[in-house]
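Each remark here refers to the structure printed beneath this line.
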Amino acid sequence: MKNVKKPIAAELDLFEKKFAESVRSKNPLLDRIMRFIIRRKGKQMRPMFVFLAAKISGGVTDSTYRASSLIELLHTATLVHDDVVDDANMRRSFFSVNALWKNKVAVLVGDYLLSKGLLLSLENDDFQILKIVSTAVKEMSEGELLQIEKTRKLDIKEDIYFEIIRSKTASLLASACSAGAWSATGDPETAKLFHTFGEKIGISFQIKDDLFDYGHDNIGKPTGIDIKEKKMTLPLIYTLQHVDEATKRKIIYIVKNQNKDKHKVNEVIEIVKQHGGIAYAHEKMMQYQAEAMEVLHRFPESEARNAMEELVQYVTERRY
Ligand code: 2DE
Ligand code: MG
Ligand code: MG
Ligand code: MG
Ligand code: MG
C-alpha cells in the first residue's frame with residue numbers, strides 16, 4: 001500500500017481533515033458516534049480510488065475532495081445500515097454501531113451521514129457527481145433487497161449472484177472512480193470508462209470478501225457468517241451445481257436448518273473446498289481484475305496509474 005498512497009499522500013491527509021469536519025454535529029450523541037466512526041475508520045480505499053482516478057484523468061480539483069467526502073459519507077452510511085440489515089455485531093474488528101447503540105440509533109446515524117453527503121454536494125453545485133453517487137446508492141438498496149428476496153428462497157444462480165454483487169458493492173466503487181474522473185475532467189466519456197473500471201474492481205472486491213468467509217487467505221475475519229445468514233455466495237453456488245443430488249440436499253438442509261451449528265457450517269465449507277468452489281471463485285475474481293486492468297491501460301502510464309495498478313492488485317491480495 002505504500003506505493004499506492006505515495007502520489008496522493010497530501011490529498012489523503014487533507015481529505016481526512018475535511019471528512020472529520022464534514023460529520024461534526026452539535027448533538028452530543030451524534031458527535032460521540034461520529035468520533036467513534038472516525039476512530040474506527042477502515043482502509044479508506046474508496047477515497048484512494050477517487051483521488052487516483054482524478055490524477056490519472058487530469059488532476060485533483062476542489063471538487064475531487066468533495067467527491068471523496070461524499071463517497072466516504074455514503075459508504076459509511078451504507079455500512080451502518082448494512083449491519084442493521086445483517087444483524088451484525090462486528091465491523092472492522094470492533095463492535096458495530098448497532099451493537100453499541102442499538103438499531104434505532106444506527107438507522108438514524110446512517111440517515112444523518114446520507115443527508116450530510118447530499119448537503120455537501122448541493123451546497124457546492126456538484127450536481128453531476130451527486131447524480132453519479134446517488135445512482136449507486138439506489139442500486140445498493142436494490143441489490144440488498146434482491147439479496148434478501150433470494151436468500152429467503154435459497155435460490156441463487158450465478159447470474160443472480162453477479163447481479164447482487166454488482167449492485168450492492170460494485171456500484172459504489174464504480175461511482176467512486178467515475179466521480180473522481182468527472183471531478184478532474186467534466187468529460188462523460190472518461191467518467192464512463194472509469195465507471196466500467198470501478199465496477200469490475202468492485203465485483204472482484206466482493207468475490208474476495210465472500211472468499212474470506214470460506215477462510216481463504218483470511219487472517220482476521222470470522223468465517224462461516226454468510227452460511228449462518230443463509231447467504232449463498234459464489235463458492236457455494238458453484239459447488240451446488242457440481243455435486244451429486246444427495247450432497248446437494250445435505251448442503252441445502254444444513255444452510256436452511258442447521259446454519260447456527262458451527263460444526264455443520266464447517267462441514268459445508270469443507271465440501272465447497274473439495275469440489276473446487278474456492279478455486280472457481282478465485283478464477284472469476286482474477287478474470288474481473290484482468291478486465292479492469294485492460295480498461296486502466298487505455299490511459300497513458302504515469303505514477304498515478306502505477307499506483308492504481310497496485311491498488312487493484314491489493315484488492316485481490318489483501319488478507320483482511
Ligand atoms: C456489503 O455487503 C454491501 C453493503 C451494501 C449495503 C447497502 C445498504 C443500503 P455484505 P460485509 C444497506 C443503504 C442505503 C442508504 C444508506 C440510503 O456482504 O461483509 O453485508 O462488509 O458486506 O458486511
Ligand atoms: Mg454485512
Ligand atoms: Mg449485507
Ligand atoms: Mg461479507
Ligand atoms: Mg465487507
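Read the numbers this way: they start at 1 and go in the same order the structure lists the ligands and their atoms.
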Heavy-atom distances under 4.0 Å decide this one: backbone, side chain, both or neither, for [X] against ligand 1?
X: Leu113; value: neither
X: Asp209; value: side chain
X: Lys168; value: both
X: Val137; value: side chain

Please confirm whether Arg46 makes a cation-pi placement over Phe205, using NZ or CZ under 6.0 Å from the six-membered ring centre and within 45° of the ring normal.
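That pair qualifies as a cation-pi contact.
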Whether Arg40 engages the ring of Phe94 as a cation-pi pair (distance to the six-membered ring centre under 6.0 angstrom, angle to the ring normal within 45°) should be assessed.
yes
Sub-3.5 Å donor-acceptor pair from the side chain of His81 to the main-chain atoms of Val107, do we have one?
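Yes.
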Arg91 to ligand 1: N or O pair under 3.5 Å?
yes
Asp86 N/O under 3.5 Å from ligand 1 N/O:
yes
Got a salt bridge between Lys55 and Glu11, using NZ or NE/NH1/NH2 to carboxylate O under 4.0 Å?
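So Lys55 pairs with Glu11 through a salt bridge.
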Does Glu267 come within less than 4.0 Å of Lys250, counting only side-chain N to carboxylate O?
yes
Residue Lys231 vicinity, atoms of ligand 1 by number, heavy atom under 4.0 Å:
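Under 4.0 Å from Lys231, ligand 1 has these atoms: 10 (P), 18 (O), 20 (O).
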Nearest neighbour of atom 22 (O) of ligand 1 from the list Val85, Asp82, Leu172, on a heavy-atom basis:
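Closest candidate by heavy-atom distance is Asp82.
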Would you kindly say whether His263 and Gln258 are connected by a side-chain donor-acceptor distance under 3.5 Å?
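Checked: His263/Gln258 side chains show no N/O donor-acceptor pair below 3.5 Å.
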For residues Ser167 and Glu142, is any side-chain donor paired with an opposing acceptor at under 3.5 Å?
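No pair is found: no donor N or O on one side chain lies under 3.5 Å from an acceptor on the other.
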Can you find a non-hydrogen atom of Gln206 under 4.0 Å from ligand 1?
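Judged by the 4.0 Å heavy-atom criterion, Gln206 does count as contacting ligand 1.
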At the Mg ion (ligand 2), what angle lies between atom OD2 of Asp86 and atom OD2 of Asp82, rounded to 10 degrees?
100°
